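A short write-up of the structure that comes next.
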Amino acid sequence: MFLFMGMSHAFAQTIVAHPGSPATVLTWSSGFGLGFVAVIAGAINSVAGGGSFLTFPALMFCGVTPVRANATNTVALWFGSLASVGAYRNQLGGQRRALFTLLITSLAGGLAGALLLLRTPDATFKLLLPWLMLTATLIFIFGKHLTALLRRLVHLDINAPQNIMPFLAGSFLQLIIAVYGGFFGGGIGILMLALLTLLGYEKIHTMNALKTVLATTINGIAVVVFVGAGIVDWPQALIMIIGSIIGGYGGAVIAQRVSGEVIRRVVIVIGIGMTAYFFVR
């Protein structure tokens, strides 16, 4: 913990503080609403990602400004993702090589994205988000067909020791996802599930386990930056941390007892819903 806080202050000294309003006062009604939404979001994140599209608007509805809402949301849901990692630990057997490769780019990209957020207006990201979500959802829907094609053409299998192509492709794409994740984070679960599909994964529980670990890494380094920059509303964050942990662990346990096809359909529905929301908002 002391190392974590030390890193936060070290990063804070390297960035320009984002101009914004002071912390928002938390009311009883806002606290109850944020806690309830965080439970649902934690469960959604453990299954397919996308919980931020519930919690981020909820924070803004409670009066938190966009930049502070984004930072507070990241801190709150990070603890829920930690709980999901614990629930998914049995699904990570035999994934050490792929996990190590993608973790490195997740750390680098998450740091770059978080620093970029503090220097970039929210409006820029809002213009790109619908198209990013549409692309990710389409890739996941048609992922099996794309995977079969890629396997025939380049034998894309990240667990194949004799082939360096998957490491290069996977690392580059994960770096892009991680930068986006550190910048905002909404929907990175869908993006990483799409990437894992293209890398040859077919078992949804293994994909969810890897996705959860990588998302926790990306958001973890972003948390260090946001805490160091002092843009987290801690009363709201603490309530949402409790809710996201409950939802994250419970959702991960339930997800492993449901058939893979059912979870895949849920992921597709969530992806379509998030895409439609950001196109019409």
Side-chain angles (χ1 to χ4, degrees), residues 1 4 8 23-89 110 114 181-182 184-190 192-193 208-209 211-227 230-258 263 266-267 269-271 273-274 277:
M1 178 62 71
F4 178 86
S8 298
T24 304
V25 176
L26 179 67
T27 64
W28 283 103
S29 58
S30 295
F32 177 82
L34 288 174
F36 179 75
V37 170
V39 171
I40 299 175
I44 290 176
N45 280 337
S46 69
V47 177
S52 292
F53 292 100
L54 294 177
T55 52
F56 180 72
L59 282 165
M60 294 187 63
F61 181 76
C62 292
V64 183
T65 55
V67 171
R68 297 187 72 93
N70 185 38
T72 302
N73 178 65
T74 300
V75 171
L77 294 186
W78 180 67
F79 286 91
S81 66
L82 278 179
S84 296
V85 169
Y88 275 124
R89 62 186 181 277
F184 182 77
I188 59 173
I190 296 288
M192 285 187 289
L193 286 174
N208 269 326
K211 176 264 299 181
T212 301
V213 172
L214 296 175
T216 301
T217 301
I218 294 169
N219 289 329
I221 193 65
V223 165
V224 171
V225 174
F226 297 152
V227 171
I231 58 171
V232 177
D233 281 8
W234 284 107
Q236 289 87 339
L238 291 175
I239 290 177
M240 296 177 69
I241 286 170
I242 296 173
S244 65
I245 289 175
I246 295 173
Y249 191 88
V253 171
I254 293 174
Q256 295 180 72
R257 299 179 180 177
V258 181
I263 296 177
V266 171
V267 171
V269 170
I270 292 174
M274 290 189 297
Y277 171 77

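Worth saying up front: this structure is predicted, and the values here are computed from it rather than measured.
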Who pairs with Ala114 by side-chain contact (heavy atoms from CB on, under 4.5 Å), at least two apart in sequence or on another chain? Ala222, Val225, Phe226
Leu238 side, atom CG; Leu34 side, atom CG - distance, nearest 0.5 Å: 12.0 Å
Using every non-hydrogen atom in the two residues, find where Ala237 and Ala76 come nearest and quote the distance to one decimal. O-CB, 3.8 Å
Shortest non-hydrogen contact between Met192 and Lys211, atoms and distance: CE-O, 3.5 Å
For Ala215 and Ile188, work out which heavy atoms get closest and say how close. CB-CD1, 4.0 Å
Heavy-atom nearest pair, Ile241 first then Val75, reads CG1-O, 4.2 Å
When rounded to the nearest 0.5 Å, the distance separating CE of Met240 from CD1 of Ile245 is 12.5 Å
Tightest non-hydrogen contact, residues Gly182 and Ile218, listed as N-CG2, 3.7 Å
Between the CD1 atom in Ile239 and the CH2 atom in Trp234, the distance rounded to the nearest 0.5 Å is 13.5 Å
Once you round to the nearest 0.5 Å, how far does CD1 of Ile231 lie from CG of Asn70? 7.5 Å
Check: residues 53-61 side-chain donor-acceptor pairs under 3.5 Å, at least two apart:
{"from": "Thr55", "atom 1": "OG1", "to": "Gly51", "atom 2": "O", "distance (Å)": "3.4"}
{"from": "Thr55", "atom 1": "OG1", "to": "Asn73", "atom 2": "OD1", "distance (Å)": "2.2"}

Any heavy-atom pair between the side chains of Ile221 and Thr217 that's under 4.5 Å? no
pair Val37-Ile40: side-chain heavy atoms closer than 4.5 Å: no
